Amino acid sequence: MTDNHRPDDPEHTPAASSVEEVYSVEKQIDLSQKSYSQGQLVRRRFFRHRGAMVSLFVLVFITVMAFTSIGYGLIPSWWDKTFYDAGAAVDGGRPTMQLWPFQIGEHPFGQDTIGKDYFALTMRGTQRSLIVAFTVGLLSTVIGTLIGAIAGFFRGWVEAILMRVTDLFIIIPLLVLAAVVGKMASGIWWLALMLSLLTWTGLARLVRGEVLSLREREFVTAAEAIGTGPWRIIFKHILPNTIGTIIVSATLAIAATILLESALSFLGYGVRAPDTSLGLLISTYQNAFLTRPWLFWWPGLMILGIALSVNFLGDGLRDAFDPRQNRTAD
Amino acid sequence: MTTTTQSGSGQPVYTGSGTPTGDEEVVLAFTEVDVRFKTEFGSVHAVKGVDLRVRPGEVVALVGESGSGKSVTSMTAMRLLPRNATIGGQVDVAGREVGRLSESNMRRLRGNDVAMVFQEPMTALNPVLTIGTQMVESMELHGVSRGAAAWKRAIELLGMVGIPEPERQMRKYPHELSGGQRQRVVIAIAISCDPKVIIADEPTTALDVTVQADILDLLRSLKDKLNTGILLITHNMGVVADMADRVAVMFKGEIVERGTVEEVLLHPNHEYTKMLLGSVPRMGHGRGQMDIRVKEEIDADAPLAIELKNLVIEYQRLGKAPFRAVDDVSFDVHQGEIVGLVGESGSGKSTIGRCALGLIPAAAGEFRLLGENITGMKRGDLKPLRKRIGVIFQDPAASLNPRLPIGECIAEPLVVHQVGDRKSREKRVYDLLDAVHLPREVYNRYPHEVSGGQRQRISVARALTLDPELLVADEPTSALDVSVQARVLKIFAELQEQFGFACLFISHDLAVIDLLAHKVVVLQNGKVVEAGPREQIMENPTQEYTQRLIAAAPVPDPLEQGRRRRDRHELLREQGEEVVELNVDADQFHQASREAEVVEVDGTDDQPRR
């Protein structure tokens with residue numbers, strides 16, 4: 001090792017002159033390099049997650065198909081049949097779709113017992129399920145985050161009251177309560193609202209836990225010492241740091257809601273005829289399982305597809321937000 | 001043990017620790033060790049071909065700042081690196097090549113031949129198991145001793161490292177012991193299997209300075225009596241001067257200089273070593289080191305920024321009497337004056353700082369801040385006062401919001417107090433970035449993109465945003481590397497001269513206080529031990545505690561440190577305290593360990609690694 005040894009490091013700019021700069025342990029701030037915000041880093045990691053990308057594709061595909069095929073509101077339809085008109089049975093109502101040689105045929109998903117086009121029905125059901133799931137995902141996340149953050153930050157009696165209310169919601173069996181509420185509520189938006197009011201509890205507890213640990217961090221103390229008010233601290237300093245937990249929990253809530261809605265509709269408390277949903281389709285045709293199995297399989301596959309892809313998306317997001325769960329290079 | 005030999009030309013060649021001369025016994029040998037980590041952003045070359053030898057009974061210090069690869073190098077000897085590491089070169093422990101051992105032989109090697117002492121004894125010990133269980137476990141796993149015999153041996157070991165009433169301590173949990181006692185337990189576990197070499201990774205960094213001196217005394221007597229080799233990893237030049245026989249200085253994965261401790265610390269050759277030594281503030285050298293200047297003349301009639309009268313601060317505890325963290329403390333800080341608040345952990349120094357920021361209320365007494373009594377003040381009334389106070393915390397990584405760009409972070413006080421508009425705020429931020437010598441381009445970057453010292457400069461800038469009259473700095477440089485600390489301290493002194501704010505400078509580092517403060521307040525267990533002008537406290541301390549505190553701070557000069565150590569031992573004896581050493585007879589110790597060794601460790605096997 002020679003005395004005038006200089007580290008031949010690529011990090012060193014040849015311009016560095018003084019001893020302090022050459023042998024600084026601090027990285028030189030490379031101004032030519034692009035600056036990544038944490039959000040950008042997360043996005044980068046997310047888009048490299050293969051499972052999440054496939055799931056995103058599947059979910060987008062299902063959503064686009066469900067909303068364009070039979071139309072929704074102003075969105076025009078490209079499928080020529082509706083979910084309420086019955087037609088003549090073709091080939092005993094069996095699905096006409098074939099993979100090899102590929103053909104779609106008259107009724108790709110088959111027909112139900114009275115000759116309604118089952119593709120249109122499934123698409124209608126998927127629409128309903130997606131609407132309920134995403135509305136609930138959004139609303140319950142907002143409610144849960146707010147309640148959790150307020151309880152965690154203010155502590156004291158505010159926390160005591162809010163958390164006891166949360167406990168109250170948790171101890172009531174969700175299915176029973178949802179069933180009662182579902183009976184009273186009519187219409188899909190009501191259903192979504194009611195379900196949101198029941199499913200925020202898990203997130204509220206999660207966020208409260210996060211906030212409890214974040215509020216002891218020094219940057220919060222620093223903000224407080226500067227004179228920052230409580231609401232600004234919550235929204236500007238604490239919540240942005242819990243965004244990972246919140247987003248991940250929201251995706252998982254969406255998956256859970258799809259299943260909950262299906263379960264409710266299956267029991268007859270959710271969406272009711274003449275409207276339809278995936279759960280209702282399964283329940284209506286459960287007796288036909290042996291004779292016309294496709295009536296069970298198509299909505300079942302849709303539920304599976306949506307729930308799985310949303311779950312995988314949540315996994316991908318969690319990995320992206322938490323770089324400490326190191327994935328070794330493949 | 002000198003390592004300087006004469007080469008043909010008559011020039012001294014520092015062969016140093018890299019080249020063992022002749023057939024000397026070597027207990028730990030690194031040969032061309034090279035470590036790379038695979039990460040998401042490509043490969044990181046952490047260690048670039050390191051050669052190092054440790055002989056029995058000597059302490060080799062591996063010195064470097066963060067990121068130099070010193071800990072990674074030592075981990076290769078234990079084979080404890082994460083899976084994404086690729087290791088090249090050869091590591092031999094007690095004559096066996098670590099890379100070729102099977103997993104089970106490796107497990108036997110750890111503990112039996114090489115043991116480790118970690119930085120943080122609280123995390124190195126399992127919090128849910130008693131001290132006794134953990135000590136016995138390590139001996140049983142290595143077949144040194146079993147059952148009742150192991151329990152007895154553990155008690156002996158605890159006695160050796162100087163833990164009082166070892167039988168009682170055996171049934172305690174780690175949290176029931178003090179930091180220094182915990183580190184002693186870790187050392188007792190390390191020597192329980194009579195290893196040939198101990199790797200001590202920053203063994204005293206988490207400890208108070210008086211405890212640090214005790215632990216260093218213990219380690220020194222350990223290697224003298226048991227003839228154990230010690231690889232000491234540290235960033236603290238004072239610890240090196242106190243402990244090491246030989247030194248290797250690491251920078252960015254390479255050893256840039258090596259030699260005996262006198263060679264390296266007194267006559268450094270390499271520029272990096274010179275710079276490193278030049279950035280360590282030295283005890284007893286007072287002002288003017290490292291070109292740091294402080295305005296000396298303070299207007300004695302200047303208004304008071306802080307005035308404490310019999311201040312008491314208590315922490316409420318559930319179901320118990322409140323804990324009195326600060327007890328009857330009185331002192332004051334004039335405008336434009338830097339007051340150093342010194343003490344060990346638990347002395348209440350940070351608590352006073354937090355009270356000054358209005359974060360915790362005072363239980364009794366009077367806390368006058370900029371002329372207003374803040375005891376019992378309401379949150380809303382506090383806000384205008386907060387505008388006039390700046391704050392710097394210890395850990396720059398924790399005190400900046402990771403989700404806020406640096407520019408917004410510095411501008412935050414302006415936004416909170418609704419000062420100026422967007423334009424003027426931006427200008428203020430740019431001015432402050434200039435003042436702390438950071439490029440203006442960092443405005444839109446995030447804290448994680450810059451390193452520790454740069455982050456701390458951002459904290460300094462944020463503290464000065466509103467041009468405060470008082471700055472509370474809570475251990476502002478404790479988390480920084482020495483060269484970085486020097487830079488931050490210099491900027492701090494410059495700014496203090498420029499802005500003329502009063503400052504409550506909280507620190508455990510007496511050398512830093514000596515460098516900056518006008519007045520020093522020494523705290524112990526929430527009470528003021530001694531207070532007065534810097535010269536008086538630093539040069540002629542009257543209280544025993546202050547004397548012990550000053551004597552325990554190590555200086556990066558082996559000769560002076562040796563003198564200081566003897567003086568300290570003298571002082572301890574005078575004050576009726578004990579000098580720590582390992583209470584053991586070496587022959588008996590080795591004999592006991594040998595007899596107990598039931599499992600025969602076979603030699604190297606040829607199974608390739610993983």
Side-chain angles (χ1 to χ4, degrees), chain A residues 1-12 18-33 35-41 44-45 48 214 216-230 232-233 236-243 323 326-330, chain B residues 18 38-40 65-68 82-84 251-252 254-258 269-272 274-275 354 357-359 382-383 386-387 389 391 393-395 398-405 412-413 416-417 438-439 441-442 444-446 448-454 459 462 472 481 483-484 487:
Chain A
M1 213 64 51
T2 54
D3 291 338
N4 292 328
H5 165 87
R6 292 207 165 200
D8 46 349
D9 221 281
E11 294 152 52
H12 279 283
S18 72
V19 184
E20 274 86 10
E21 276 168 63
V22 175
Y23 296 111
S24 171
V25 282
E26 304 214 78
K27 56 183 173 200
Q28 308 281 330
I29 301 172
D30 187 359
L31 300 172
S32 59
Q33 210 175 42
S35 154
Y36 291 105
S37 71
Q38 267 195 324
Q40 284 166 319
L41 285 174
R44 208 171 96 140
R45 279 196 288 264
R48 285 184 181 175
L214 281 170
E216 303 301 329
R217 292 270 293 276
E218 267 183 0
F219 67 85
V220 174
T221 318
E224 228 173 307
I226 286 167
T228 315
R232 192 177 163 84
I233 291 182
K236 185 102 185 174
H237 294 287
I238 292 185
L239 283 186
N241 282 293
T242 59
I243 203 83
N326 54 332
R327 288 168 281 138
T328 39
D330 359 275
Chain B
K38 262 192 223 148
T39 71
E40 207 181 327
E65 296 182 278
S66 48
S68 62
R83 279 176 168 274
N84 61 344
F251 174 72
K252 295 221 162 132
E254 287 175 89
I255 293 186
V256 294
E257 181 160 9
R258 62 173 96 221
N269 270 318
H270 195 272
E271 284 180 80
Y272 176 66
K274 286 179 191 163
M275 186 202 80
R354 289 176 152 255
L357 297 169
L359 296 171
L382 218 52
K383 196 170 171 181
R386 282 181 162 154
K387 199 175 152 186
I389 304 171
V391 57
F393 287 106
Q394 172 175 359
D395 186 357
S399 61
L400 296 173
N401 187 343
R403 301 261 164 182
L404 221 51
E412 182 78 357
V416 168
H417 292 282
L438 282 173
E441 283 83 354
V442 302
N444 282 318
R445 285 168 191 258
Y446 286 82
H448 68 87
E449 291 178 75
V450 300
S451 23
Q454 289 154 351
S459 290
R462 178 180 60 181
V472 177
D481 281 310
S483 65
V484 179
R487 189 131 190 225

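Per chain, numbering begins at 1; letters A, B, ... match sequence-line order. Computed over heavy atoms, backbone and side chain alike; hydrogens, waters and symmetry mates excluded. Model, not experiment: these values are computed from the prediction.
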- So, B/R462 side chain and B/L400 main chain: donor-acceptor pair closer than 3.5 Å or not? no
- Message: Counting heavy-atom pairs closer than 4.5 Å to chain B, which one of A/K236, A/R217, A/R232, A/E218 comes out on top?
- Response: A/E218
- Query: Among B/L404, B/V416, B/V472, B/I389, who wins on heavy-atom pairs under 4.5 Å with chain A?
  - Reply: B/V416
- Is it true that a side-chain atom of B/E257 and a backbone atom of B/N269 form a donor plus acceptor pair closer than 3.5 Å? yes
- Item | Whether B/H270 side chain and B/R258 backbone form a donor-acceptor pair below 3.5 Å | no
- Query: With chain A, which of B/P405, B/G358, B/P413, B/S459 has the greatest number of heavy-atom pairs at distances under 4.5 Å?
  - Reply: B/P413
- Message: Once rounded to the nearest 0.5 Å, what's the spacing between atom CG of A/L214 and atom CD1 of A/I233?
- Response: 12.0 Å
- Message: Could you check whether any side-chain N or O of B/R403 sits under 3.5 Å from a backbone N or O of A/H237, counting only pairs where one atom can act as donor and the other as acceptor?
- Response: no
- Note on the structure: So, the part of A/I243 with a heavy atom under 4.5 Å from chain B: the answer is side chain
- Counting only heavy atoms closer than 4.5 Å, note whether B/L359 contacts chain A via side chain, backbone, both or neither. side chain
